[in-house]
**Student:** 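The following block contains the structure, expressed as structure tokens.
Values reported hereafter were calculated over all heavy atoms of this structure, with side chains retained and with hydrogens, waters and symmetry mates removed. All ligand and atom numbering here is 1-based and tracks the order in the structure.
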Amino acid sequence: MTAIVNPATEQPVSQLEPATAEQADEVIARAVAAQRRWRDVAPGDRARLLRRFAEQVDAHIDELAALETAEAGHPVGAATWEAGQVRDVLLYYSAAPERLSGRQIPVPGGLDVTFKEPVGVVGLIVPWNFPMPILSWGLAPALAAGCSVVAKPAEVTPLTALRIAELALDAGLPENVFQVLAGKGSVVGQRLVDHPAVRKITFTGSSEVGRQVMAGCARQVKRVTLELGGKSANIVFADADIEKAAATAPQAVFDNAGQDCCARSRILVEAGVLDRFMDLLEPAVKAVRVGDPADAATEMGPLISAEHRAQVASYVPDDAPVAFRGSAPDGPGFWYPPTVLAPLSSQSPAYTDEIFGPVVTVTPFTDEAEAIVMANDTPYGLSGSIWTGNVGRAIRVARSVEAGNLSVNSHSSVRYWTPFGGFKQSGLGRELGPDAVDAFTEIKNVFIAAD
Ligand code: NDP
């Protein structure tokens with residue numbers, strides 16, 4: 001049995017028998033049969049079912065948010081937003097089935113048309129940090145394309161995915177079009193990668209496991225989308241609104257206790273305004289409300305597990321240059337306070353590694369060219385922010401930073417209307433945005449002779 005533990009209390013929430021590889025095979029076989037039927041459902045009916053699915057989610061937002069708070073420790077305000085995101089993403093992609101147009105291409109001797117065919121069964125492997133949104137980002141466009149989905153949530157956070165699958169059935173989605181396989185990554189996740197009937201893997205998680213998944217998919221030339229780690233820069237130029245940059249910097253990195261692939265965990269500040277920025281950042285960090293996730297006023301909850309907290313803490317040894325830190329409750333729960341490190345060598349693991357916790361470094365730079373070099377000095381390339389009052393500089397720096405999702409004068413860049421994914425070792429392919437459904441289709445070309 002796998003115990004699901006509330007990270008804020010360390011109390012058990014539930015327990016589950018992890019699925020075996022044999023059970024995974026049975027689930028995949030059912031998904032294959034279901035996909036053949038789902039593919040043939042009229043586009044308008046598929047769209048209607050996705051809208052009904054969204055309505056079911058909408059009617060259970062509070063229940064889903066409470067589950068997320070209990071199993072992942074997310075503050076209830078954030079968890080409510082995350083459940084709402086599942087609804088919104090389903091609604092957004094419900095428009096797609098009726099717009100999956102191919103092309104008519106001029107050729108001699110007949111007619112040539114292309115079709116966007118569903119790839120088939122999709123294995124959707126989801127991490128523990130945002131169990132609901134990340135599930136929906138793969139699930140909704142895959143269903144819209146006519147694929148069936150077998151989702152593998154992280155072992156420690158399966159409850160929302162299991163409940164969302166029940167809501168899909170309540171909405172009228174045919175049996176086995178969307179199934180959840182709760183179990184270990186090394187067992188059932190690996191089986192999704194290895195099973196020849198699974199035609200595409202959408203994986204979100206660590207770069208290390210992502211590399212294994214990519215290698216496994218290569219053996220069958222299986223389609224794969226990877227959303228991996230990050231070590232994003234928050235670049236603050238002297239000509240920026242320094243008050244706003246400092247006020248939002250905690251949210252940019254401490255949201256979800258820093259367990260966020262897009263966390264802006266390296267703040268780079270133009271040297272001339274460093275002291276002022278630090279003076280403004282300190283009260284903003286100390287004001288972050290860390291505590292009971294069930295309290296609507298809470299802004300930051302605990303880390304996911306004791307092991308993960310120990311790993312985060314290893315980046316802040318006793319002699320670490322802690323500039324200042326916020327608070328965290330005593331007693332049970334995997335708490336860690338928001339922590340600001342400065343000054344720090346660019347060789348320090350806290351500066352180079354993805355910590356995936358509420359730890360941020362602050363480092364000065366001298367000019368625009370150096371800021372770009374520093375921002376790009378990482379194997380990752382997922383996200384980042386640029387703060388400046390100069391439009392030309394905003395454009396130059398945004399074009400020069402090697403990352404998939406940037407924001408200018410804003411701390412956030414993930415929106416379901418726009419493509420999301422990484423450069424370099426942060427991933428492969430894109431999710432979200434108007435083209436995401438295409439990633440779950442294959443182009444089929446058909447020539448029809450006219451003579
Ligand atoms: P992991 O890579 O450890 O796990 C991610 C998922 O993969 C889990 O469901 C896990 O299952 C599963 N898994 C583990 N081993 C295998 C395997 N051999 N084959 C198939 N599946 C497997 O990542 P974390 O859970 O630790 O998540 C945190 C990481 O995710 C961070 O590095 C973060 O940056 C990244 N991330 C990236 C995002 C992006 O969009 N780019 C968004 C969110 C997170 P189980 O847990 O049950 O073992």
**Student:** What atoms of ligand 1 come closer than 4.0 angstrom to any heavy atom of Q190?
**Tutor:**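 In order of number, 17 (C), 18 (N), 19 (N), 20 (C).
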**Student:** Any salt bridge linking K286 with E282? Criterion: basic side-chain nitrogen under 4.0 Å from a carboxylate oxygen.
**Tutor:**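 Counted as a salt bridge, because a side-chain N and a carboxylate O are separated by less than 4.0 Å.
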**Student:** Between F237 and W387, does the ring-ring contact (aromatic ring centres under 6.0 Å, His included) criterion hold? Intermediate values first, please.
**Tutor:** CA-CA 6 Å; F237 287 96; W387 294 85; over 10 Å; no
**Student:** Say whether T204, considering both its backbone and side-chain N or O atoms, lies within less than 3.5 Å of an N or O atom on ligand 1.
**Tutor:**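 No, there is no polar N/O contact under 3.5 Å.
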**Student:** Have a look at E71 and tell me which of T160, I304, V156 forms a side chain to side chain contact (heavy atoms under 4.5 Å, CB included) with it.
**Tutor:**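 Considering T160, I304, V156, a side chain to side chain contact (heavy atoms under 4.5 Å, CB included) with E71 is found only for T160.
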**Student:** Check whether any N or O atom of W137, backbone or side chain, sits under 3.5 Å from an N or O atom of ligand 1, and answer yes or no.
**Tutor:** no
**Student:** Consider every N or O of K152 and every N or O of ligand 1, then say whether any pair is closer than 3.5 Å.
**Tutor:** yes
**Student:** May I ask whether C262 places a heavy atom under 4.0 Å from ligand 1?
**Tutor:** no
**Student:** If I apply the N/O under 3.5 Å rule, does L228 come out as touching ligand 1?
**Tutor:**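 Between L228 and ligand 1, an N or O pair is found under 3.5 Å apart.
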**Student:** Please name the residue in the list Y92, F420, F203, Y416 that meets the ring pair (Phe, Tyr, Trp, His ring centres under 6.0 Å) test with W137.
**Tutor:**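 When ring pair (Phe, Tyr, Trp, His ring centres under 6.0 Å) is applied between W137 and each of Y92, F420, F203, Y416, only F420 qualifies.
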**Student:** Is it the side chain (CB and beyond), the backbone, both or neither of E354 that lies under 4.0 Å from ligand 1, heavy atoms counted?
**Tutor:**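 For E354, only side-chain atoms sit under 4.0 Å from ligand 1.
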**Student:** Step by step, would you call L91 with L50 a side chain to side chain contact (heavy atoms under 4.5 Å, CB included)?
**Tutor:** CA-CA 7 Å; L91 278 178; L50 288 176; over 6 Å; no
**Student:** Any protein heavy atom sitting closer than 4.0 Å to atom 4 (O) of ligand 1?
**Tutor:**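 No, because not a single protein heavy atom sits under 4.0 Å from atom 4 (O) of ligand 1.
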**Student:** Please list, in number order, the atoms of ligand 1 under 4.0 Å from a heavy atom of I125.
**Tutor:** 6 (C), 7 (O), 9 (O), 12 (C), 20 (C), 21 (N)
**Student:** Under 6.0 Å from the CZ atom of R163, do we count more than 12 heavy atoms belonging to anything else shown?
**Tutor:** yes
**Student:** What's the verdict on side chain to side chain contact (heavy atoms under 4.5 Å, CB included) for Y351 and M374, showing C-alpha distance, side-chain angles and the deciding distance?
**Tutor:** CA-CA 11 Å; Y351 183 84; M374 288 166 72; 4.0 Å; yes
**Student:** Using the side chain to side chain contact (heavy atoms under 4.5 Å, CB included) rule, take T352 and K231 through it: C-alpha gap first, then chi angles, then the decisive distance, then the call.
**Tutor:** CA-CA 7 Å; T352 56; K231 188 70 182 176; over 6 Å; no
**Student:** Could you tell me which atoms of ligand 1, counted from 1 in the order shown, lie closer than 4.0 angstrom to a heavy atom of G183?
**Tutor:**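 Going through ligand 1 atom by atom, the ones under 4.0 Å from G183 are 47 (O).
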**Student:** For ligand 1, which is the ligand I care about here, please tell me if F203 has any N or O atom under 3.5 Å from one of the ligand's N or O atoms.
**Tutor:**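 F203 vs ligand 1: no N/O contact under 3.5 Å.
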**Student:** Report yes if some N/O of G185 lies less than 3.5 Å from some N/O of ligand 1; otherwise report no.
**Tutor:** yes
**Student:** Of all the heavy atoms in F130, does at least one lie under 4.0 Å from an atom in ligand 1?
**Tutor:**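 It does not; every heavy atom stays at 4.0 Å or beyond.
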**Student:** Under 3.5 Å between some N or O of ligand 1 and some N or O of N129?
**Tutor:**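 The answer is no, given that N129 and ligand 1 share no N or O pair closer than 3.5 Å.
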